[in-house]
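This is a predicted model, so every value here is computed, not measured. Letters go in sequence order (proteins before strands), and every chain restarts at 1.
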There are 2 protein chains.
Amino acid sequence: MKILIVDDEKDILEFLSYNLQKEGFEIFTASNGSTALKIAKKEVPNLIILDVMMPEMDGIETCEKIREIEALDSTLILFLTARSEEYSELAGFSAGADDYVTKPIKPKLLISRVNALLRRSQSKKAQSFIEIEELKIDKDKHLLLHKGQVVDLARKEFNLLYYLMTVPAKVFTREEIISNVWKDTFVGDRTIDVHIRKIREKIGDKYIKTIKGVGYKFDV
Amino acid sequence: MKILIVDDEKDILEFLSYNLQKEGFEIFTASNGSTALKIAKKEVPNLIILDVMMPEMDGIETCEKIREIEALDSTLILFLTARSEEYSELAGFSAGADDYVTKPIKPKLLISRVNALLRRSQSKKAQSFIEIEELKIDKDKHLLLHKGQVVDLARKEFNLLYYLMTVPAKVFTREEIISNVWKDTFVGDRTIDVHIRKIREKIGDKYIKTIKGVGYKFDV
DNA sequence: CTGTATGTTAAAAAATTGTTAACTTTTAAT
DNA sequence: ATTAAAAGTTAACAATTTTTTAACATACAG
C-alpha cells in the first residue's frame with residue numbers, strides 16, 4: 001500500500017513517515033501541493049494524507065486538483081486539520097476528502113483511521129436505499145416511495161418491509177422475521193400477519209407474497 | 001481583514017505591525033492577555049496572533065479564554081513559539097490554536113501562513129449557509145431567514161435546526177441529535193422535543209417532521 | 001370435507017411524542 | 001460583582017400513534 005504524505009513542516013513529515021513505515025506502508029512525501037500532484041500522478045498512491053494548512057497551494061486546493069485527475073479516482077484522501085471542526089462544516093469533504101484527523105496527531109489513532117479507510121475502500125460503499133420496480137425504500141430517510149408518492153409506514157411496518165426487500169424473492173420464515181425485525185421481544189405469529197396486512201393496505205397486494213407453511217417474501 | 005497582535009515585546013509588535021500593515025491588513029495590538037481580550041471582544045478580529053510566552057496571562061491561557069467567547073467563534077488564532085517544540089507535544093493546539101509559527105519570525109513565511117489561514121476561513125464561510133425553500137440558515141452570522149424575514153432562534157434551537165438541515169430528509173435519531181448538538185452533556189429526550197416545539201412555533205410546522213419511533217427530520 | 005395456516009377486525013395495551021409550567025443555568029448589562 | 005432577563009432543562013401529564021392480541025373468518029392442501 002502506497003501512502004503519500006503532504007505537509008510543509010519537515011517535523012510532521014518525518015513524524016508521520018516514521019510511524020506509518022513501521023506499519024509496513026510504502027511512504028512518499030511532498031512538502032507542497034504542486035510536488036504532491038507530481039508524485040501522485042507518478043506513483044498513484046492508495047492514500048494521500050494532506051495537511052489542510054500549507055502556504056501557496058493549501059490542502060483544499062490540492063485536494064480539488066487531485067480529484068480532477070482520473071487516474072487518482074480511487075485514491076483516498078485524508079486531511080490533517082489543526083483544530084477540530086464540526087464534521088458537517090469541514091470544507092474538506094466538499095473538496096473530496098474521505099476522512100480527517102485533527103492535530104495534534106496521535107500515531108495510534110492515525111494508523112487505525114488509515115487502516116479503516118483502506119479497508120472500507122476495499123468493500124463497496126453500501127447504499128442506504130433499495131429500489132425495486134415502483135418501490136424505493138430509503139433507510140436513512142425512513143422514506144418509502146410508491147410510484148413516486150410518499151407512503152407513510154409505522155416503524156415496525158417499515159423495518160419489516162425493508163427486511164423483506166433486502167433479499168428480494170427470498171422467503172423469510174416468521175422465525176427469521178421475528179429474530180431480525182423484533183430482535184429480542186417475543187410476539188405471536190398473528191402479529192406479523194397484521195403488520196403484513198397493513199403494509200399491503202398501503203402499497204397493494206402484489207409485492208408481498210405468502211408462501212403457505214413457510215413464510216413471506218417480497219417479489220415483483 | 002482585522003488582525004490583533006499580542007506580544008509583550010514592543011519590538012516584535014512593531015515589526016509585525018509594519019509587515020502586516022504593508023499587506024493591507026487592519027492591525028490592532030495588545031501587550032498582554034487581558035488587554036487582548038478587551039480589544040478582541042470589541043473589534044472581533046479575523047485573526048489573532050498570540051505570543052505563547054508572556055508574563056502574567058500567557059498565550060495558552062489567553063487562547064483558552066478567547067475560545068470561550070462565542071462572538072470570537074470564527075476568529076483564527078496563530079501562535080508564536082519561541083523555540084521549535086516537539087510537534088506532537090505542542091500545547092497550543094489543544095487550547096484551540098489554528099496554526100503556529102516559530103521564532104525567529106521570517107516575515108515572508110508569516111505572511112504566507114496568515115494568508116493561508118484566512119483563505120481557509122473564507123472557503124469555510126462560503127459554505128456556511130444552507131438554503132432550502134423559504135428558509136436560509138447561516139451558521140457564521142447566526143441568522144435564520146424565513147421568507148426573507150429574520151427569525152430569532154436561541155442558540156440551541158439554532159444549532160438543532162442547522163444540524164437537521166445539514167442533511168435534508170435524513171431522519172436523525174435523538175441519540176444522533178444529542179451527540180452532535182449537545183456534544184458531551186446528557187439531556188433527556190423531552191428536552192429535544194421542547195426545542196423542536198419552539199422551533200416549530202417560530203417557523204411553522206411544515207419543515208420539521210416527526211418520524212415516530214425513529215426521530216426527526218427536516219424536509220420540505 | 002376437514003384441519004391447519006393465514007387473513008381480518010376491533011379493541012386493549014404499550015410506546016412515543018406534545019405541551020405546559022416550574023425550575024436552573026447562562027448571559028448580558030449595569 | 002450584582003442583578004435582571006433570556007435560555008435551557010426537566011417533570012408531569014395529556015394526546016396521539018403504534019403495536020399487540022384475541023376472536024373469528026376465510027382459504028387451501030390433501
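Cation-pi geometry between A/Lys209 and A/Phe218 is not satisfied (NZ or CZ under 6.0 Å from the ring centre, within 45° of the ring normal).
Put simply, B/Lys156 has a side-chain N or O that comes within less than 4.0 Å of OP1 or OP2 on D/dT9. A/Arg174 has a side-chain polar atom (N or O) that falls below the 4.0 Å cut-off from OP1 or OP2 of C/dT6.
With hydrogens and angles disregarded, no donor-acceptor distance shorter than 3.5 Å links the side chain of B/Gln21 to the backbone of B/Tyr18. Although no hydrogens or angles enter the test, the distance criterion places no donor-acceptor pair under 3.5 Å between the side chain of B/Glu64 and the main chain of B/Glu61.
Nucleic acid contact for A/Thr210: sugar-phosphate only, since backbone atoms but no base atoms lie under 4.0 Å from a heavy atom of the residue. Among the heavy atoms of the strands lying under 4.0 Å from A/Tyr216 are primed sugar atoms or P, OP1, OP2 only; no base atom is included.
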Passes salt bridge (Lys or Arg N to Asp or Glu O under 4.0 Å), A/Lys170 versus A/Asp219? Steps please.
CA-CA 8 Å; A/Lys170 168 176 158 48; A/Asp219 208 349; over 6 Å; no

Run the ring-ring contact (aromatic ring centres under 6.0 Å, His included) test on B/His146 and B/Tyr207 for me, step by step, so that the C-alpha distance in whole Å, both residues' side-chain angles and the decisive distance to 0.1 Å come before the verdict.
CA-CA 11 Å; B/His146 182 217; B/Tyr207 296 107; 5.7 Å; yes

Between B/Glu43 and B/Lys2, does a salt bridge (Lys or Arg N to Asp or Glu O under 4.0 Å) hold up when you go through it step by step?
CA-CA 8 Å; B/Glu43 298 293 341; B/Lys2 296 178 179 180; 3.2 Å; yes

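Classified by interplanar angle (parallel below 30°, tilted 30° to 60°, perpendicular above 60°), the ring pair B/Trp182/B/His195 is perpendicular.
With rounding to whole Å, B/Asp205 atom CG is found 16 Å from C/dT17 atom P. Across the protein-nucleic acid pair, B/Phe186 atom CZ and D/dA11 atom C1' stand 19 Å apart, rounded to whole Å. Rounded to a whole Å, the NE2 atom of A/His142 is 12 Å from the C1' atom of D/dT18. Atom P of nucleotide D/dG8 and atom CD1 of B/Ile178 are separated by 15 Å, given to the nearest angstrom. Distance B/Ile211 CD1 to C/dT17 P: 10 Å, rounded to the nearest Å. Counting to the nearest Å, the C1' atom of C/dT6 and the CD1 atom of A/Ile196 are 11 Å from each other. Per the geometry, CD1 belonging to B/Ile199 stands 15 Å off C1' belonging to C/dT17, to the nearest Å. In this structure, the NZ atom of B/Lys41 is 12 Å from the C1' atom of C/dA29, given to the nearest Å.
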Protein proximity profile, nucleotides 1-6 of chain D - base contact B, sugar-phosphate-only contact S, no contact -, cut-off 4.0 Å on heavy atoms:
------

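Each of A/Val194 and A/Val214 was matched to the nucleotide of DNA chain C holding its nearest heavy atom; the match closer to the 5' end belongs to A/Val214. Nearest-nucleotide assignment on DNA chain D puts the 5′-proximal partner with B/Trp182, out of A/Gly188 and B/Trp182. Sequence order on DNA chain C of the closest nucleotides to A/Glu201 and B/Arg197 puts A/Glu201 first from the 5' end.
Taking only side-chain atoms of A/Arg155, from C-beta outward, the nucleotide of D/dG8, C/dA15, C/dT6 with the closest atom is C/dA15. For A/Arg200, taking side-chain heavy atoms from C-beta onward, the closest of the listed nucleotides C/dG7, D/dT10, C/dG18 is C/dG7.
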Short N/O separations, protein against nucleotides 25-30 of chain D, under 3.5 angstrom:
unit_1: D/dC28; atom_1: O4'; unit_2: A/Lys212; atom_2: NZ; d: 3.2

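Residues passing the ring-ring contact (aromatic ring centres under 6.0 Å, His included) test with B/Phe25, sequence neighbours excluded: none.
Of the charged side-chain nitrogens involved, at least one lies within less than 4.0 Å of a carboxylate oxygen, so that B/Arg113 and A/Glu9 count as a salt-bridged pair.
In this structure, A/Ile49 and A/Leu80 have side chains that are in contact, with non-hydrogen atoms separated by less than 4.5 Å.
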